[in-house]
Q: 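This is the structure I have questions about; it appears just below.
As the structure lists them, so they are numbered: ligands from 1, and atoms in each ligand from 1.
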Amino acid sequence: MRFNFEDCHSTPVQTMTSNNAPFGDMPADEFRRYGHRLVERLAEYFEHIEELPVLSQNEYGRLKDALPAAPPDKGEDFSDVLDDVDTLIMPAVTHWNHPNFHGFFSTSASSVGIFADMFAAAFDMKAMLWRAAPASAELEDVVLDWLRQMTHLPETFEGIIYDTASVSTMHAVAAARERACSISRELGLSGRDDVPLMRVYASEHVHSSIDKGVITLGLGTRSLRKIESDEAFRMIPQKLAEAIEDDLADGYQPICVIPTIGTTSTSSVDPVERVADICERYGIWMHVDAAYAGSAAILPEMSGHFKGWERADSIVMNPHKWLFTPFDLSVLYCRDLEALKTAFSLVPEYLRTNDLSNVKNGMDYGIQLGRRFRALKLWFAIRYFGVEGMQARLREHCRLARLLADKVEASSDWELAADVPFALVCFRTRKEGLTNEQQDTLTGKILERVNSSGGAFLSHTKLNGRFAIRLSVGSIRVEERHITRVWKLLNDAFREEAKVYE
Ligand code: PLP
């Protein structure tokens, strides 16, 4: 796939190109011509994406070695830069938008989301003060209220957009810390012996972003107490209650509990309702990590997985994971958004305005001052697909995941390693006569073979010490034939790798 950009220049290539003019940006006519070509090229990219290896086949350092170590003194023809995208950048791209990208959590960048990001880059607004970016501030409020309605959360929840779930959760824990110890904002935690050890609780399957959050907030990893899970990888509420009692007896201060709906390894669902009972009993902030599965709350038939989340103090969900919104867009909903403001609002003189007191300034709700115009891409996606269109796509992903799970269950070579509540399937080999260790080695070898083939990309996890392949279905382009294809790749790889044991 190559594209010719030569005729996009406003001046002949041999003479001075517009980028070597002493001032100003690319002329409008050149921008227009490149822009048209670029969109054509992206359309071709999506049309032909299945011909590309999902996982970049570059070895480490190949791209770096191919690029000049120093920047150019003079501007270059932009067509040369774009040629380098074809020849140098493309081979180093792992194609997250490929329908056979099943690793981590498959993402779902929609075309309208890409258009929105083009607008956002063109406007280049920094949504810190309402005045600085009214479009972003007001659209964010509207679109997050739409999403709240779509996910059946009560009106008491108000949202704010951050980049990632890691950042959303860090802010939620900061608000919880502020509520538990209101002078920590001023006095901090270091150099004080009047502050008890604060505790944050989550299951042993919680995402590593929680560990990073407590590190960032100066609570330290010792503040994070991981609660045992049951055989289905769900937090055991009784163990949580015992841990809290233990900690209180030791003089510690429980500040936050983080149940997960859709854990990273298996998409298991913690018993949020029972966790909410415990949080209410002890007056502890409950933050629900629904970064992956939160999108599935738009499906009424999934409501059982979300029981009790409406009792949370805060909830994170990532439309950039499973709601057709290109990276990055994470939403933090809070029952009382003022708690974030209490933790973070700080207005220096140069940011004071005469705006009305009820104006919402994004900078008051977190550590970032300037914020990208992210709401646009979620607004575009919801309007383009409609709630029903989004529901249909999520349902199809869940159906395809179930289809694969059924194939695994029906096969004598494979077994499921976890339940499949959403669209993630965890499985491993069960070749007769092999020890668990040999099964793990075999499963790992199969994964490597499939990934290096370029035909699909899957990732892995460890469950109860055993290796398992994770296959996530979530690309907006995925169809049943892609699941058939990855199943064939897995079984071909099985036959090759199992020869060692025959
Ligand atoms: N929480 C869960 C359950 C996740 O699965 C992930 C990422 O996969 C995260 C949090 C972190 O997401 P982000 O990359 O948006 O920080």
Q: Looking at Y365, I'd like to know if the NZ or CZ of K360 sits under 6.0 Å from its six-membered ring centre while staying within 45 degrees of the ring's axis.
A: yes

Q: Would R374 pass as a cation-pi partner of Y162, given that its NZ or CZ must be under 6.0 Å from the six-membered ring centre and within 45 degrees of the axis?
A: no

Q: Please state whether the rings of Y292 and F105 are parallel, tilted or perpendicular, taking 30° and 60° as the class boundaries.
A: parallel

Q: Classify the ring geometry of W322 against H397: parallel below 30°, tilted from 30° to 60°, perpendicular beyond 60°.
A: parallel

Q: Check step by step if side chain to side chain contact (heavy atoms under 4.5 Å, CB included) holds for I298 and L323.
A: CA-CA 10 Å; I298 69 170; L323 221 45; 4.2 Å; yes

Q: Any idea how F344 and H171 line up, ring-wise: parallel (<30°), tilted (30 to 60°), or perpendicular (>60°)?
A: tilted

Q: Less than 3.5 Å apart, N/O on ligand 1 and N/O on the protein: could you list those pairs with the distances?
A:
residue  : atom   : partner : partner atom : Å
ligand 1 : 1 (N)  : D289    : OD1          : 3.2
ligand 1 : 1 (N)  : D289    : OD2          : 2.7
ligand 1 : 5 (O)  : T264    : OG1          : 2.8
ligand 1 : 8 (O)  : K321    : NZ           : 3.3
ligand 1 : 12 (O) : K321    : NZ           : 3.4
ligand 1 : 15 (O) : A165    : N            : 2.8
ligand 1 : 15 (O) : N318    : ND2          : 2.8
ligand 1 : 15 (O) : H320    : NE2          : 3.4
ligand 1 : 16 (O) : A165    : N            : 3.3
ligand 1 : 16 (O) : S166    : N            : 2.9
ligand 1 : 16 (O) : S166    : OG           : 2.5

